[in-house]
Amino acid sequence: MSTVSTLPQRKITLLTLQAKKDRGEPITMLTAYDFPTARALDRAGVDSILVGDSLGMVVLGYDTTLPVTMEDMLHHARAVSRGAQIAHLVGDMPFMSYQTSVEDALLNAGRFLKDGGMNAVKLEGGREIVPAVRAIVAAGIPVVGHIGLTPQKVNQLGGFRTQGKSAAAARTLIEDAHALEEAGCHLLVLEAMPDRLAALITQRLSIPTIGIGAGPACGGQVLVTHDLLGMTDGFTPKFVKRYANLGEEMARAFGAYIDDVAAGRFPETAHSQPLDEDVFRALTREWEARIAR
Ligand code: KIV
């Protein structure tokens with residue numbers, strides 16, 4: 001009997017990611033919120049694409065991730081899933097889509113797979129989200145955990161600051177990491193924490209850790225794509241490495257277009273559609289006859 005797989009042959013799954021970790025190969029993850037970026041990332045060979053709720057800050061113009069809704073996330077998740085065939089796709093559960101009850105968490109996680117085309121969901125938090133994680137995993141939905149700086153708690157944390165600097169805070173994060181692995185998370189994002197704490201957590205877990213501002217010892221790395229491309233204004237966290245300056249390049253291109261249109265240099269003949277000579281003559285004759293009446 002032959003079996004038919006609905007996944008593309010090279011589709012990256014949670015098994016591929018775990019195998020990478022077991023071989024000691026770093027996992028690559030980047031964010032995307034739209035079709036062309038997802039396509040470019042997939043073609044570049046990134047392992048995993050996160051449709052992050054950073055959407056709110058880098059695309060929708062909010063100061064925090066808190067206003068982002070499930071509808072926002074699903075709209076962008078669908079665009080990303082149309083653009084990426086190979087990468088493992090993770091949908092980020094927005095503020096108040098899982099904190100209200102385990103039932104809400106399960107229903108909203110399911111929407112990311114049913115309506116958003118995602119392969120997994122990500123939730124921020126430690127031991128307090130274990131019941132939600134267990135319920136989502138029990139329904140067959142892979143879960144990515146996220147500890148350290150958890151931006152949905154920005155008001156409680158007093159800003160976007162490094163976490164786990166004291167022994168007590170570090171111990172809490174280590175215990176949270178164990179609890180999330182035990183609850184069934186298949187990846188764990190470690191955001192903005194000292195590198196040696198991230199290394200300790202990474203050593204103690206069997207699942208891969210994915211660092212952002214957590215040093216080089218993690219099982220993989222994630223960045224917000226708009227930060228990496230230089231498309232964000234204002235404060236850039238120390239942990240961001242810029243690989244391009246697309247913000248400046250976009251401003252340069254927009255300025256050149258405005259100058260060209262203003263000076264009559266665009267469009268040129270090469271950008272225009274010619275009209276058939278006979279059609280043109282006929283139209284001219286009709287027009288002349290009309291004004292002669
Ligand atoms: O929303 C996001 O982009 C994230 C990453 C920073 C990990 O959660």
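Atoms within a ligand are numbered from 1 in the order they appear, just like the ligands themselves.
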Asker: Which heavy atom in L89 sits nearest to a heavy atom in G117, and how many Å separate them?
Answerer: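 For L89 versus G117, the nearest heavy atoms are CD1-O, 3.7 Å.
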Asker: Treating K11 as the side-chain partner and A87 as the backbone partner, does any N or O pair qualify as donor plus acceptor under 3.5 Å?
Answerer: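 Such a contact is found between K11 side chain and A87 backbone.
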Asker: Salt-bridged, E71 to R111, with N to O below 4.0 Å?
Answerer: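 Result for this pair is yes, salt bridge flagged.
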Asker: For ligand 1, list every N/O pair with the protein closer than 3.5 Å, one pair per line with the distance.
Answerer:
unit_1	atom_1	unit_2	atom_2	d
ligand 1	1 (O)	D53	N	3.1
ligand 1	1 (O)	D53	OD1	3.0
ligand 1	1 (O)	S54	N	3.0
ligand 1	1 (O)	S54	OG	3.3
ligand 1	1 (O)	D92	OD2	3.1
ligand 1	3 (O)	S54	OG	2.5
ligand 1	8 (O)	K122	NZ	3.0

Asker: Look at R285 together with E288 and state whether they make a salt bridge at an N to O cut-off of under 4.0 Å.
Answerer: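 Here R285 does not pair with E288 in a salt bridge, since their nearest N and O are not under 4.0 Å apart.
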Asker: Between the side chains of E175 and R127, is the shortest nitrogen-to-carboxylate-oxygen separation below 4.0 Å, so that they form an ion pair?
Answerer: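 Judged by the 4.0 Å cut-off on N to carboxylate O distance, R127 and E175 do form a salt bridge.
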Asker: Under the criterion side-chain contact (heavy atoms from CB on, under 4.5 Å), which of I207, L14, L17 is the partner of L187?
Answerer: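 So the option named by the test is L17.
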